[in-house]
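Following: one structure in structure tokens, then a few remarks.
Keep in mind it's a predicted model, so treat the numbers as computed, not measured. All ligand and atom numbering here is 1-based and tracks the order in the structure.
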Amino acid sequence: MLQLTDVETYYGESHVLHGVSLRLEPGEAVGLLGRNGAGKSTVIRTIVGFTPPRSGSIRFFDHELAGLPSYKIARLGIGLVPQGRRIFPDLTVRENLTLAARDQAGGWTLGRVMDHFPRLRERQSQLAGTLSGGELQMVAIGRALMTNPRLLLMDEPSEGLAPMIVREIGAIIAELKAEKLSFVLVEQNLSLALDSVDRAYVMNKGAIVFEGTPGELLADEAVHRQYLGV
Ligand SMILES: Nc1ncnc2c1ncn2[C@@H]1O[C@H](COP(=O)(O)OP(=O)(O)OP(=O)(O)O)[C@@H](O)[C@H]1O
Ligand SMILES: [Mg+2]
């Protein structure tokens, strides 16, 4: 459903992505790993059109995304949970969730999102600016689900959260996987990533340096040492 081929992305004259190719099949969960500055967010930003590729192709079903404006890419059914969450602090939880909602028969509704996040139901009238980091992350995921995406892109959902809250987010991601939602999960938390995906890519210096199953990645000590710092 998603296929990047030889993608090259720049910030101004700074060449950041070098020939990135990756794919995702319907219902698949794919991880994107790598150290700080490896280029993970730039891949996400390239897919959603925030920093379009200078060359290469991004196919999503039968659409070419390269060159399309972000709002059109979102409308094709790509949901984003951005790094840093980007929630509106002066709106309530409920307002943040419903802001970008798009109805779909049998899809995600406010009620269904709150079934997955009981804490958000309790806090639905609270201003988002007063939420904890973990709760904000739940709003960010819930908001993206409310657009009823065919593909969900999550950029470091566990970042900055306490271990107990990371486990909670991990449980939610496992539920999404069980429901066969297609997603790309960017993570620096290796165990969370490997528990959550069917296949993983590792990036270094703007290029893909490994692709394989969680089992294959766990078995490859050189990749761990060189690119994941464990
Ligand atoms: N707006 C920008 N202008 C110029 N360079 C940028 C910009 N954003 C990112 N970069 C550079 O691009 C490279 C890749 O950054 P990117 O944010 O994609 O990394 P990342 O893998 O997501 O890292 P992290 O795990 O820290 O979020 C880095 O060298 C970074 O400094
Ligand atoms: Mg990033």
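Of all protein N/O/S atoms, those lying under 2.8 Å from the Mg ion (ligand 2) come to 2.
In this structure a side-chain-to-backbone donor-acceptor pair under 3.5 Å is missing from Thr98 to Ala101.
Atoms of ligand 1 lying under 4.0 Å from at least one heavy atom of Glu156, given by number and element, are 24 (P), 25 (O), 27 (O). Within ligand 1, the atoms closer than 4.0 Å to a non-hydrogen atom of Gln83 are 27 (O), numbered from 1 in the order shown. Short contacts between ligand 1 and Val16, defined as distances under 4.0 Å to a heavy atom of the residue, involve ligand atoms 12 (O), 13 (C), 14 (C).
Within a 4.0 Å radius of atom 1 (N) of ligand 1, the protein contributes at least one heavy atom. Within the 4.0 Å cut-off (strictly below), no protein heavy atom is located near atom 30 (C) of ligand 1.
In terms of N/O distances under 3.5 Å, ligand 1 is not approached by Gly34.
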Can Glu179 and Lys177 be said to form a salt bridge (Lys or Arg N to Asp or Glu O under 4.0 Å), step by step?
CA-CA 5 Å; Glu179 294 187 10; Lys177 185 163 187 309; over 6 Å; no

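Considering only residues two or more places apart in sequence or on other chains, Gln104 meets the side chain to side chain donor-acceptor pair (under 3.5 Å) condition with none of them. Applying the side chain to side chain contact (heavy atoms under 4.5 Å, CB included) test to Ala144 and every residue at least two apart in sequence or in another chain returns Val81, Leu152. With sequence neighbours left out, Glu95 forms a salt bridge (Lys or Arg N to Asp or Glu O under 4.0 Å) with no residue at all.
Protein heavy atom in closest approach to atom 6 (C) of ligand 1: Tyr11 CD1, 3.3 Å. Given atom 16 (P) of ligand 1, the protein heavy atom at minimum distance is Thr42 OG1, 3.6 Å. With respect to atom 26 (O) of ligand 1, the closest heavy atom belonging to the protein is Asn36 ND2, 2.8 Å. Here the heavy atom of the protein found nearest to atom 17 (O) of ligand 1 is Ser41 CB, 3.7 Å. Closest to atom 23 (O) of ligand 1, if we only count protein heavy atoms, is Gly37 N, 2.8 Å.
The environment of CZ in Phe88 is sparse: at most 12 heavy-atom neighbours from other residues, nucleotides or ligands sit within 6.0 Å. Under a cut-off of 6.0 angstrom, the local environment of CZ in Arg121 is crowded, with over 12 non-hydrogen atoms contributed by other residues, nucleotides or ligands.
Under the 4.0 angstrom criterion for non-hydrogen atoms, Arg35 is in contact with ligand 1. Distances shorter than 4.0 angstrom do not occur between any heavy atom of Ser14 and any atom of ligand 1.
The cationic atom of Arg54 (NZ for Lys, CZ for Arg) lies less than 6.0 Å from the six-membered ring centre of Tyr10 and within 45° of the ring axis. Both tests do not hold together for Arg35 against Tyr227: distance to the six-membered ring centre under 6.0 Å, angle to the ring axis within 45°.
If you check the side chains of Arg94 and Gln124, you find a donor sitting under 3.5 Å from an acceptor.
A heavy-atom distance below 4.5 Å is found between the side chains of Leu2 and Ile58. Residues Thr9 and Val43 fail the side-chain proximity criterion, which asks for heavy atoms closer than 4.5 Å.
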